[in-house]
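Take a look at the structure set out below.
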Amino acid sequence: MVINMPRGFTDYEKEVITRKLRDAARSYLTQYGIRKTTVEELAGKADIAKGSFYQFYESKEQLFLDVIFLFHDQIQQNLLDKIEKIRQTLTPGKLTDLIFSLFHEVESSFMYPLLQSGELAQLIRMLPDESVKTHTEQDDLNMRLLLDMFPEIRQEKLEVFSAALRGIFFTIFYKRELGEEIFPAALRTMIHGIVLQIFAEEDND
């Protein structure tokens, strides 16, 4: 019996295929979500066999997490870029507005249906502790870049503010329960509270 083994790929082919897989994952996340998408469908969009898929990702969940984390890092970088442009005139109100706009980006992206359906929470719970720790550390690094504008803030406060903003992000899971009409105002109020403490920490130190 002849067994068809997945063929090897050049570095360039790997780059192209990885990009196609990520594009496919984003598309399927928007249309169908995680559970209804199959490895066969993802591989087909990248013009590779199902067996070849596993040369790139251990599972479809790993691919989806890759796409989600890349999106997360991208919108955080966009936020940092916007803040840098107005760094000299930054006020609590302006910083609140910029962070608030980040949540709007999430709501208009493929992420929001995953938040509403609970699939994102389920996917995150599947992560090993080491992966969660790595991503948390990346969040703290991005927060460090933001708080470089407030050099007097202590390291332990940085971690608190970073965790607080992550906590606010996860309130999107409960938008319906909190009240969809009042949620934007409540969200902005929570963000503004953290921002005021950031500015107060700088003043106190």
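Throughout, numbering of the chain's residues begins at 1 and tracks the sequence. Just so we're clear, the structure is a prediction, and the values are computed from it rather than from any experiment.
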Distance-minimising heavy-atom pair for [X] and [Y]:
| X | Y | value |
| --- | --- | --- |
| Leu196 | Pro92 | CD2-CB, 3.9 Å |
| Val67 | Ala25 | CG2-CB, 3.8 Å |
| Ala49 | Ala43 | O-CB, 3.8 Å |
| Leu187 | Thr171 | CD1-OG1, 4.1 Å |
| Lys60 | Ile34 | NZ-O, 3.0 Å |
| Val106 | Ile75 | CG2-CD1, 3.7 Å |

Atom [atom1] in [X], atom [atom2] in [Y]: separation rounded to 0.5 Å?
| X | Y | atom1 | atom2 | result |
| --- | --- | --- | --- | --- |
| Glu61 | Ile68 | CD | CD1 | 10.5 Å |
| Ser59 | Leu65 | OG | CG | 7.5 Å |
| Leu95 | Lys82 | CG | NZ | 12.5 Å |
| Leu165 | Ile99 | CG | CD1 | 5.5 Å |
| Asp47 | Lys20 | CG | NZ | 4.0 Å |
| Thr37 | Tyr32 | OG1 | OH | 8.0 Å |

Please check if atom [atom1] in [X] has more than 12 non-hydrogen atoms from other residues, nucleotides or ligands closer than 6.0 Å.
| X | atom1 | value |
| --- | --- | --- |
| Glu177 | CD | yes |
| Ile182 | CD1 | no |
| Lys85 | NZ | no |
| Glu181 | CD | no |

Less than 4.5 Å apart, side chain to side chain, heavy atoms only: is that true for [X] and [Y]?
| X | Y | answer |
| --- | --- | --- |
| Leu90 | Arg87 | no |
| Pro184 | Phe103 | no |
| His72 | Gln76 | yes |

Regarding Gln77 and Asp81, do their side chains bring together a donor and an acceptor under 3.5 Å, going by distance alone? yes
Please determine whether side chain to side chain donor-acceptor pair (under 3.5 Å) holds for the pair Ser109 and Glu105, giving the CA-CA distance in whole Å, both sets of side-chain angles, and the decisive distance to 0.1 Å. CA-CA 6 Å; Ser109 74; Glu105 286 188 57; over 6 Å; no
Pairs flagged by ring pair (Phe, Tyr, Trp, His ring centres under 6.0 Å) wherever residues 46-67 is involved - sequence neighbours left out: Phe9-Phe56
With sequence neighbours excluded, what pairs up with Arg35 under the salt bridge (Lys or Arg N to Asp or Glu O under 4.0 Å) test? Glu119
May I ask you to decide if Thr38's main-chain N or O and Glu41's side chain share a donor-acceptor pair within less than 3.5 Å? yes
Is Thr18 reaching over with its side chain to a backbone N or O of Glu15, donor-acceptor style, under 3.5 angstrom? no
Linking I/L/V/M/F/W/Y whenever any side-chain heavy atoms sit under 4.5 Å apart, do [X] and [Y] land together?
| X | Y | value |
| --- | --- | --- |
| Phe69 | Leu63 | yes |
| Ile168 | Tyr174 | yes |
| Ile86 | Ile198 | yes |

Connected to Tyr12, directly or through other members, by ILVMFWY side-chain contacts below 4.5 Å are Val16
Give the intermediate values and the outcome of side chain to side chain contact (heavy atoms under 4.5 Å, CB included) for residues Glu180 and Arg176. CA-CA 5 Å; Glu180 295 202 17; Arg176 186 180 302 170; 4.1 Å; yes
For Phe183, the ring-ring contact (aromatic ring centres under 6.0 Å, His included) test, sequence neighbours excluded, returns none
For residues 186-196, the side-chain hydrogen bond (donor to acceptor under 3.5 Å, both in side chains) pairs (sequence neighbours left out) are Thr96-His192, Asp97-Arg188
My understanding is that only residues two or more places apart in sequence, or in another chain, count here; which of them pass side-chain contact (heavy atoms from CB on, under 4.5 Å) with Lys45? Ala24, Tyr28
